[in-house]
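Comments concern the structure below.
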Amino acid sequence: MLELAAIALVKVVILSFGLLTAAAYLVLLERRVAAWVQDRRGPNRVGIPLTSIRLFGLGQPLADGLKFIFKEEFTPSHVDRWMYTLAPISILATALAVFAVIPFGDVLTLGGERTIELVVAPGFDAGAIYVFALSSLAVYGVILGGWASNNKYSLLGGLRSSAQLIAYELPLSLGLLGVVVVTGTLRLDEVIRTQANEGIWFAFAQPLGLIVFVIASFAEAARLPFDLPEAEQELVGGYHTEYSGIRLLMYLVAEFMHMITASFLIVILFLGGWHFWGLTDAAAWGIEGEAVPLWLGVVRIVVLMAKVFVVILFFMLTRWTWPRFRFDQLMNLAWKVMLPLGIANVVMMAVVAEFEVPLTDRLGRGGVIGLTWVGTLLTLIVAALLVPLHSDNRRRSIEPDLFGTS
Amino acid sequence: MRADDPAIRWIEEPKLGLSGKMYLPLIFQGLTTTARHLVGPKRTVSFPEQRPNIADPLIYRGVHRLNRDQEGRVKCVACFLCATACPAHCIDIVAAESPWPDREKYPEHFVIDELRCIFCGMCEEACPVDAIELTSLFDLTGRTREEMFFDKEKLLSVFDQTKDAEPPKSAGLPPLQRPEEEHHS
Amino acid sequence: MNAMQWTFVVATISGALALWMLLPRKRFRGRRLGSLLGLVSLGLFASQVPLPGGPAERTVFIVLAGVTLAAAVCTVTFRSPVYCAVWFGLTLLGVSGLFLFQGAQFLSVATVTVYAGAIVVMFLFVLMLSDPRGRTYYDRLSWEAMLSASAGAVMIGVLSMTLHRVFVPEAAPPAADANNVAVADASGASANAEATNVPALPEPPTSESLQANILAPEHVARLGGALFSRYLVTVEAAGVLLLVALVGATSIMAHARFEQLRRSRHGNG
């Protein structure tokens, strides 16, 4: 019991420090990627303090962090003091707590016999729903921050955010549901193991689920093109307009944490987690039995992290690729496109899961996957023809709008 | 204006094809553009090590200078046109009787507050004798506010510094031969 | 009445008084005295409730239960509706923690997702659009402070007394009585008072059973199995109910829109 707690504590400490550092360095990466996409170089000056060694700007996060910490922590007089303080704390706390059930590797074998599962709460059976529960709690930080700031831009940011997060939670969970139907478990490490055993990532087996899940997780992480809660051009800073100093830092770190969470989930659910053909298979290295040697465990961690990094890079590239949605487009996309697509995916996966044996006998494994791809394509075409994302919301007549569809 | 006003001309967007409606193909098209720029050549000038390449120094609006004429005297005739034209009110001139015969006044003091200046170039436009010009120097700075009040000597020294790279736009009017009758009137 | 029952009576009364004092009324609002009385009441209840397992588990339980109860009291006693909603959210978090503590993983996270994550957020969404400082006094007062406080306290007293009887064997009343309590407690739709084969009394959770429960594999699968076999009718009925509510809401909205259109077409007739 005590040993269990000690191991969990070590994991928590490593994970929190790792995540906070990762968030800090992702800020740097974000700035550099932004610069590169715009044909600039980005921050490359700050290196080791007190020397002139630059190290490609790797000292920048340290400088940024110090700046935030030593900045004046200004509390405007018109804010609701308690909520104003509580909001950033709650958002960072929930963002960190999500990682209790997210595996950051497979297992580490120490000293021959002892294996340590690389997840803070191993065997938590409702892991995936726990992730959703905590990410839905993240709305509190945004809403309360927006409300407590007592500022119309902050309030608008908070309102937008709550509507957006509630709307996109549905397609997000539908995307997850497809995976759950096939694997029959809510444990994220089990999901990875299923993919590793079959050697087929769910990105190939259920492409529609991947599309729905990725788009919904962009919206949940409030990344462009779904960053309406803090649209700089419209709302100054959205819900954190009135924040400064370390409280603002908390918001920014939490934002990056959401992105990291989303990347982890995409990798775990659809991109095979720590699995990579040949590289992480014990059989391919000629290892007998169940035991995973230490070095293979490390290789798996590295593979997982590399995948997460690539997905984060995708998040950042996306930011500079598409313009922001308008709010009605955002809602149309959620309810009229993403929700039906998600349901279609679940139905498709239910059929595959139910008739797996006869289908595989007739068509083979590849045939089943091909069938899902055909289904995906058909669904996308039908969705495109039925609900085009209209960009034109100009009001042509003075008649009252019957169902908000002019 | 009402939405159904006949004066409004509605412009329709181009219709999207199937791939446009499906959205995903366009998304990947956009991503390739972004990715191309991600690895493409950068345009940033790493400033202290690398001097920016100013395409045409003659039209660049950097620090001011006060031009000298062929005899090395300040060209300015203290007419105050630049101070009048200045939208930021950053030029301060004290005129005095000219010691030279070809003009009536010359600036005894000529101070530009470079911190107040917005580098619009109106002074250069206004000057009738092309005495004040904006150079392509952009990194002439100081550490105190007082240092950034550029006086006549400083502005003339800017001219000495830049006259070879950026010759004055005009040689200036030839030394004015004053008609004698003006003295009588 | 024995000492135990007297303790419950005193605890109930002091709890009612505490709640009454804490509720926002026009006069005599003794916050400090109320909080003190509330603590006393909590302590009295806690002294009689059978606590689980070893010291670590006890501490976790006491902290979770205390936070939940305090947040619940704050939910009804704060003036600002936004604060009430946030306290309610904290209450739900506490309840979810207690569920988790009992090994009900799915129920715990589902509580957070559905209640704290969706419903309270929806409340907040609406409350944010209202004036944060409602100035009218009747909006900021509790209307029936006396009635609500005493009703709530009596319910808590009765509940804890019955639960106490169920969980502490030596205080158990005659068997028939206990069975009725258990049936009422189980509150499953399938169970009713006339059922002859009442479910067995729940065992008081021990440390080992708790641990085994929490770490049990296929926890969610077993829950799903129970939901879709034994409680299938209930689940379906609840689903139909929600669907009806959804259709009703849509039709109300559509009706309002049509009315609006009609009025604008034919003047205000």
Side-chain angles (χ1 to χ4, degrees), chain A residues 1-2 4-5 78-80 82-83 86-87 90 94 97 101 121-140 142-144 146-148 150 154-156 158-163 165-166 169-170 173 180 184-187 190 239 398-404, chain C residues 54 56-57 78 80 82-83 85-86 89-90 92-93 96 100 103-130 132-133 207 211 214-224 250 253-254 257-265:
Chain A
M1 185 72 195
L2 209 63
L4 225 73
H78 55 76
V79 300
D80 186 310
W82 283 97
M83 291 295 164
L86 177 73
S90 75
T94 49
V101 296
F124 190 78
D125 210 24
I129 307 182
Y130 174 84
V131 174
F132 282 102
L134 280 185
S135 61
S136 67
L137 285 185
V139 196
Y140 279 86
V142 174
I143 295 192
L144 291 179
W147 177 79
N150 202 358
S154 304
L155 186 69
L156 278 173
L159 282 174
R160 280 182 176 190
S161 152
S162 49
L165 294 191
I166 291 174
E169 219 152 80
L170 274 148
S173 32
V180 172
T185 178
L186 282 171
R187 285 177 54 173
E190 282 298 319
Y239 53 86
I398 51 169
E399 289 254 300
D401 194 3
L402 198 58
F403 285 107
Chain C
E57 278 129 43
F78 266 64
S80 161
V82 171
Y83 273 75
V86 172
L90 187 61
L92 291 169
L93 280 187
S96 136
L100 194 61
Q105 295 173 10
F106 183 82
L107 204 54
S108 145
V109 284
T111 309
V112 176
T113 317
V114 175
Y115 285 97
I119 293 181
V120 180
V121 167
M122 207 65 93
F123 285 173
L124 276 175
F125 188 88
V126 176
L127 291 175
M128 271 162 67
L129 294 173
S130 65
R133 300 170 300 274
S207 178
Q211 211 167 354
I214 288 169
L215 297 178
E218 309 236 301
H219 177 92
V220 179
R222 280 188 292 155
L223 182 73
T250 316
M253 190 223 42
R257 292 272 181 123
F258 275 120
E259 274 297 302
Q260 196 189 359
L261 186 70
R262 198 178 58 80
R263 244 182 272 131
S264 75
R265 283 233 174 109

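The structure displayed is predicted, hence computed values, not measured ones. In what follows, every chain begins at residue 1, and chains take the letters A, B, ... in the order their sequences are listed.
- Ranked by non-hydrogen atom pairs under 4.5 Å with chain C, the options A:Leu159, A:Leu165, A:Ile166 are led by A:Leu159.
- Contact of C:Val120 with chain A is made through backbone and side chain together, with heavy-atom distances under 4.5 Å.
- More than 12 heavy atoms of other residues, nucleotides or ligands shown are found within 6.0 angstrom of CZ on A:Phe132.
- For C:Val109 against A:Ala133, the heavy-atom pair with the smallest separation is O-CB, 3.6 Å.
- Formation of a donor-acceptor pair under 3.5 Å by the A:Tyr140 side chain with backbone atoms of C:Ala116 is found in this model.
- Across C:Gly117 and A:Ser136, no two heavy atoms sit closer than the pair CA-OG, 3.4 Å.
- Using a 4.5 Å heavy-atom cutoff, the side chains of C:Val112 and A:Ile129 are not in contact.
- Between chain C and the residues A:Asp80, A:Leu86, A:Leu186, the largest count of heavy-atom pairs under 4.5 Å involves A:Asp80.
- Of the atoms belonging to A:Ala163, heavy atoms from both backbone and side chain fall under 4.5 Å from chain C.
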